[in-house]
Amino acid sequence: MATAFDFAKASYAKFGVDVEAAIAKLQEIPVALHCWQGDDVTGFDHDGPLTGGIQTTGNYPGKARTPEELMADMDKAMSLCPGKKKLNLHACYAIFEKGEYVDRDKLEPKHFQKWVEFAKARGMGIDFNPTFFSHPKVKDGLTLSSPDEETRRFWVEHGKACIRISEYFARETGVPCVMNIWIGDGFKDIPADRMGPRMRYKQSIEEILAEPFDKNLVKPCVESKVFGIGVESYTAGSAEFTLSFAASHDGVLPLMDNGHYHPTEVVSDKIPALLCFYPEIALHITRGVRWDSDHVLLFDDETKEMAKEIVRCDALDRVYMALDYFDASINRISAWTVGFRSWQKALLAALCTPNAALKTLQDEGRFTELMMMQEQMKLLPFGEVWNEYCRSCGVEAGPEWFEEIKSYENKILSERK
Ligand code: RNT
Ligand code: ZN
């Protein structure tokens, strides 16, 4: 008897789309899941507040307090998500032995050994981020761009330590490590010198990258930002700064976070622009509501459009995709799961789009028909393809996965007071 999926397959085939090929392809594409959704970007190396102009809001009970809890929570989330995962860590998630502590400039691979074991046991690669915030050595809101040489040096040493750790991750897992440099450095009010901090930031990144590393193993990125909370007037690592830095330094990738632009700018349009010039680029995928609020990713129009661009530029192997959001107002494991599943849906929908046929309509100037067809595509039975994809990955397609969240919350999270 023909199944609902058979009908869906036939509906797509009419438009020349092979949904089984799309499903097989998506199973191979890694997406990095960020550890910091699990504990509101706190980490294990400090007790202070979250700084750097980023904020989590909400006080949902049950946040992870230890490496063991965080790993267990991530495991739970990942077990509910289809697709291939990569682990995304921040340096502040270093794991110290009892009584041990080293500052960020002295971090070593051994402080991440437990994470490596975690990743290897699950067949995952690891991405890494130096943590240039939430630390007493952030001076007047500045790190790598600080005019205070001691401060700047400390953070350069942190960056170098992270290069060494990134290479260790890549060697251990056999998967290249994307190392993303993002600093919150900036000013609340109108600066008297905009170029000075940028020149120092440039010099600092160059000093970090002078640490020897294998370019096939470590992929350094620079992430831009337009503003932060309390840093509204000026950001050292602006879009022009980071793009120019990446363009002028061999092997450095630009990283676009879609929360980091003015509200009418769209990263979906920037992806193909950058792909004209860079062999590889990186993304932080998030959802901003009115500002860079880092809401949980949903299967919404711009999310779909970003995925479509990656797929129709045939760039799934040139774009490193990582999720970056943090919501403390809802169950954090559900937040991870909904966001990861949303990006999987967006990629799957993009892979089930007759991109070549639509491109032909554009190139032949048949814009009336193109509009009609793009609207028509929206009504194809995508839900059935999603169901089949989830089945093929051994996870629940429907809301049944939420039962797992509820019981985990009752059994495990409720014990965390
Ligand atoms: C901040 C940047 C940055 C952070 C993480 C925690 O606006 O998006 O990527 O979210 O490093
Ligand atoms: Zn980001």
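Counting convention: from 1, in listed order, for ligands and their atoms alike. These figures come from a predicted structure and were not determined experimentally.
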To which protein heavy atom is atom 10 (O) of ligand 1 closest, and what is the distance rounded to 0.1 Å?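 Answer, as residue, atom name and distance: Asp324 OD2, 2.8 Å.
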Which heavy atom of the protein is the closest neighbour of atom 11 (O) of ligand 1, given with residue, atom name and distance? His90 NE2, 2.7 Å
Please determine whether a side-chain nitrogen of the Lys or Arg among [X] and [Y] lies less than 4.0 Å from a carboxylate oxygen of the Asp or Glu.
X	Y	answer
Glu403	Lys406	yes
Glu305	Lys308	yes
Lys137	Asp103	yes
Arg122	Asp75	yes
Glu375	Lys378	yes
Arg332	Asp327	no

Please identify each residue that fulfils side chain to side chain contact (heavy atoms under 4.5 Å, CB included) with Glu117, with sequence neighbours left out. Gln113
Could you tell me, atom by atom, which parts of ligand 1 come under 4.0 Å of a heavy atom of [X]?
X	answer
His260	1 (C), 2 (C), 7 (O), 8 (O)
Phe326	10 (O)
His284	9 (O)
Asp257	8 (O)
Lys225	1 (C), 7 (O)

Does CG in Asp363 sit with more than 12 non-hydrogen atoms of other residues, nucleotides or ligands closer than 6.0 Å? yes
N or O pair under 3.5 Å between Asp294 and ligand 1: no
Contact check: Asn180 vs ligand 1, nitrogen or oxygen atoms, below 3.5 angstrom: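 No; the residue has no nitrogen or oxygen that sits under 3.5 Å from a nitrogen or oxygen of the ligand.
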Test salt bridge (charged side-chain N to carboxylate O under 4.0 Å, His left out) on Glu167 and Arg164; report intermediate values, then the result. CA-CA 5 Å; Glu167 196 170 74; Arg164 296 189 289 269; over 6 Å; no
Where does Glu223 meet ligand 1, judged by heavy-atom distances below 4.0 Å: at the side chain, the backbone, both, or neither?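 Just the side chain.
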Would you kindly specify which portion of Asp292 sits under 4.0 Å from ligand 1, judged on non-hydrogen atoms: side chain, backbone, both or neither? side chain
Tell me, with the steps shown, if Lys25 and Asp18 meet salt bridge (charged side-chain N to carboxylate O under 4.0 Å, His left out). CA-CA 11 Å; Lys25 174 101 185 160; Asp18 178 349; over 6 Å; no
Could you check whether any heavy atom of Ile54 sits closer than 4.0 Å to an atom of ligand 1, since that is the contact criterion I want to use? yes
Working to the nearest 0.5 angstrom, can you tell me the gap between Phe128 CZ and Cys177 SG?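 Nearest 0.5 Å value for the CZ-SG distance: 7.5 Å.
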Please determine if Lys202 forms a cation-pi arrangement with Phe245, meaning its NZ or CZ atom is less than 6.0 Å from the six-membered ring centre and no more than 45° off the ring axis. no
Counting no waters, what protein N/O/S atoms lie under 2.8 Å from the Zn ion (ligand 2)?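 Per the 2.8 Å query on the Zn ion (ligand 2), atoms found are Glu223 OE2, Asp257 OD2, His284 ND1, Asp324 OD2.
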